[in-house]
Amino acid sequence: MGSDKIQPRTLKGFRDLTPEMMIPREGIVAAAKGVYESFGFSPIDTPALEYTEILLGKGGAETDKQLYRFTDNGGRDVALRFDLTIPFARFAAQHIGSLGTPFKRYHVGPVWRGENTQRGRYREFVQCDFDTIGTTSIVADTESTLVIHDLFVALGFERFSVRLNNRKVLSGVLECLDLADQAENVLRALDKLAKIGPEKVTAEMVSTAGCSEAQAAEVLALAAITGDNAAILTALEPLVGHSKQGQQGLAELTAVLEGVQAAGVAEGRVRLDLSIARGLDYYTGTVFETFLDDLEGIGSCCSGGRYDDLASLYTKQALPGVGASLGVDRLLAAMEELGMLEGRAASAPVFLAFFDAERASDYVALAARLRAAGVGVELYPEPRKLGAQLKYADRRGHRLAIIVGPDEWKAGCCQLKDLDAKTSDEVALDDLASVCLQRLG
RNA sequence: GUGGGUGUAGCUCAGUUGGUUAGAGCGCCGGUUUGUGGUACCGGAGGCCGGGGGUUCGAGUCCCCUUACCCACCCCA
């Protein structure tokens with residue numbers, strides 16, 4: 001037997017968002033848009049579905065496995081995008097003729113990865129990307145770093161750091177050690193340093209990357225470098241040695257740091273971190289990740305880098321680029337965990353109680369007048385008990401409540417309650433709009 | 001995909017060596033003379049004990065499978 005109802009449920013890694021979560025998420029996106037636009041990035045959009053060949057192999061073997069892929073009704077092999085960068089590369093290759101270079105865009109939208117879920121990791125999540133393409137200038141890297149910095153400041157974070165590194169530096173060091181062809185295995189082993197210790201890392205380098213003990217020790221020396229940005233740069237110089245690539249990477253890092261400093265960014269907010277080695281396969285120069293000091297465990301909330309040959313997969317025209325992706329949903333999870341969300345479910349800041357059942361039209365008219373004056377107002381739809389209405393308003397998180405009963409209507413005034421401060425004042429209806437605007441700041 | 005943990009009311013959890021009508025706190029709804037919310041008092045609703053199978057006279061409690069979530073690995077936003 002059982003119920004004849006279909007059990008309501010959502011797929012693993014997919015979730016519904018209630019107003020309490022959606023309102024702050026919209027806030028994050030709005031803040032991001034504001035910062036992006038202040039740097040001159042323009043919005044674009046692309047389809048969620050792409051031909052599989054567009055996406056396959058572009059993000060590395062790992063993203064291929066995570067692809068949501070199927071055959072559409074027309075027999076086409078299609079897949080859901082797993083990030084916004086690859087579709088943008090395709091977009092750029094297709095439209096760059098009319099767009100012109102350099103081109104700066106931002107893009108907000110959901111992406112899908114069929115991987116295991118974890119804290120702050122979902123199968124469907126929103127990214128908020130910005131990229132500059134059509135220039136190899138390091139200034140673009142510098143400005144990208146500043147975008148990330150300004151973004152986290154705009155979101156209200158004090159304690160965070162943008163971790164900066166450059167793939168060319170790592171490659172250069174490995175080149176000097178004759179390990180260039182084992183870069184991936186070496187860096188993967190190196191990345192585990194903090195977790196498993198130098199001895200095991202050395203062992204792994206020897207076994208998986210074919211390093212000698214001496215080579216492994218040199219690589220570990222790289223990770224041992226600490227200190228402020230200037231100290232790290234100095235220490236890197238000998239390690240990079242004669243590698244042309246390494247020297248260029250070092251010069252790029254230096255340039256970015258100089259630019260960031262010139263822009264007045266506080267020391268420590270942007271810092272070199274030689275462990276930021278990985279990321280998607282297509283990064284070739286600057287790479288960055290962003291960590292919250294109070295919640296490092298949740299991972300990077302904004303990552304990106306320079307990719308000098310990404311669009312070349314789709315066009316002969318050289319379209320180098322640099323950009324990053326803000327993980328909106330991960331950031332939202334972090335902010336929730338850090339208690340940064342207000343928990344307001346009300347979109348309109350002002351609540352208007354429906355008190356006198358005989359005056360429905362008067363309430364509607366009053367609400368309309370306030371809205372016309374720029375005050376967001378929610379009129380309760382039923383003349384329920386006042387206590388119940390106020391409880392509703394309080395729970396939803398309205399800031400102000402307006403009460404107009406028979407007596408007030410006659411007197412042309414109302415009770416204006418501040419729901420947060422728990423105070424109440426008598427205000428003339430003629431002054432109500434301006435008083436509300438003033439209270440709401 | 002691998003390993004470990006958890007899954008009992010909306011939420012956080014109790015549930016004794018398997019034994020009759022499964023509990024608490026918070027939340028929710030209603031009420032405390034039909035005009036005022038976060039406090040107090042009273043009352044109420046709400047659980048196929050994640051799902052399926054097995055052992056047993058009897059299972060929330062034991063065994064198997066499955067599913068979801070959490071943690072680690074891996075990878076990443």
Side-chain angles (χ1 to χ4, degrees), chain A residues 1-3 5 7 9-15 18 28 32 59-66 81-85 108-129 148 184 187-189 191-192 195-196 276-281 283 287-292 297-305 324-334 343 351 353-357 380 383-409 414-426:
Chain A
M1 294 294 147
S3 168
K5 299 297 183 193
Q7 188 193 0
R9 54 186 183 150
T10 51
L11 286 163
K12 177 184 174 71
F14 291 71
R15 63 245 162 84
T18 58
I28 291 171
E62 202 60 38
T63 47
D64 285 357
K65 277 187 230 159
Q66 300 172 355
R81 64 188 179 207
F82 58 84
D83 72 3
L84 299 177
T85 304
V108 183
V111 302
W112 295 266
R113 294 181 196 176
E115 65 175 334
N116 250 333
T117 55
Q118 232 173 78
R119 180 174 65 151
R121 289 174 72 158
Y122 313 100
R123 288 183 169 176
E124 177 184 59
F125 57 99
V126 169
Q127 290 195 328
C128 203
D129 276 35
I148 299 174
E184 203 167 313
L187 295 177
R188 180 159 301 156
D191 193 61
K192 295 178 183 169
K195 283 173 188 164
I196 63 179
I276 305 301
R278 296 177 297 163
L280 297 174
D281 289 354
Y283 294 125
V287 287
F288 19 63
E289 297 194 351
T290 312
F291 290 88
L292 305 176
I298 205 161
S300 173
C301 294
C302 185
S303 309
S325 177
L326 177 71
V328 175
D329 288 295
R330 174 171 293 182
L331 193 59
L332 187 63
F351 177 83
F354 186 178
F355 188 166
D356 186 342
Y380 198 80
R384 276 182 79 193
K385 262 178 55 173
L386 194 53
Q389 293 191 47
L390 286 171
K391 197 170 177 184
Y392 168 89
D394 182 51
R395 181 170 318 136
R396 298 280 307 288
H398 290 281
R399 293 176 201 278
L400 300 174
I402 298 167
I403 298 165
V404 201
D407 299 342
E408 283 88 351
W409 280 121
C414 70
Q415 299 290 324
L416 181 62
K417 293 178 79 76
D418 184 318
L419 291 170
D420 293 332
K422 294 163 249 174
T423 57
S424 185
D425 297 298
E426 190 170 297

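Every chain is numbered from 1 and lettered A, B, ... according to where its sequence line falls, protein lines coming before strand lines. Owing to the predicted nature of the structure, the values given are computational and were not obtained by experimental measurement.
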- request: Return the orientation label for the A/Y380 and A/Y392 ring planes: parallel under 30°, perpendicular over 60°, tilted otherwise.
  value: perpendicular

- prompt: Looking at B/C29, B/A77, B/C70, which one has an atom nearest to any side-chain atom of A/R395?
  reply: B/C29

message: Quick check on RNA chain B: between A/V404 and A/R123, whose nearest nucleotide comes earlier from the 5' end?
response: A/V404

- prompt: Do A/D356 and B/G35 have a side chain to base donor-acceptor pair shorter than 3.5 Å?
  reply: no

Dot-bracket summary - RNA chain B, pairs being Watson-Crick or G-U whose distances fall under 3.5 Å, with | when paired to another strand: (((((((..((((.....[...)))).(((((.......))))).....(((((..]....))))))))))))....

query: Any donor-acceptor pair under 3.5 Å joining the side chain of A/K417 to the base of B/U36?
result: yes

statement: Quick note, A/R384 side chain, CB onward, closest among B/U36, B/G30, B/U2 is B/G30

- prompt: A/F355 stacking on B/G35: centroids under 5.5 Å, ring planes under 30°?
  reply: no

Distance in angstrom units between A/F291 CZ and B/C76 C1', rounded: 10 Å

task: Answer yes or no: side-chain N or O of A/R330 and base N or O of B/C76 forming a donor-acceptor pair under 3.5 Å.
output: yes

message: Work out how far the C1' atom of B/C42 is from that of B/G35, and round it to whole angstrom.
response: 23 Å

query: On a plain distance test, is the side chain of A/R121 in donor-acceptor contact with the base of B/C75 below 3.5 Å?
result: yes

message: Closest approach to the side chain of A/Q66, judged atom by atom: which nucleotide of B/G35, B/C75, B/C69 is it?
response: B/C75

message: Check this for me: does the side-chain of A/Q118 come within 3.5 Å of the base of B/A77 through a donor and an acceptor?
response: no

message: Starting the side chain at C-beta, find the nucleotide from B/A77, B/G35, B/A68 nearest to A/S303.
response: B/A77

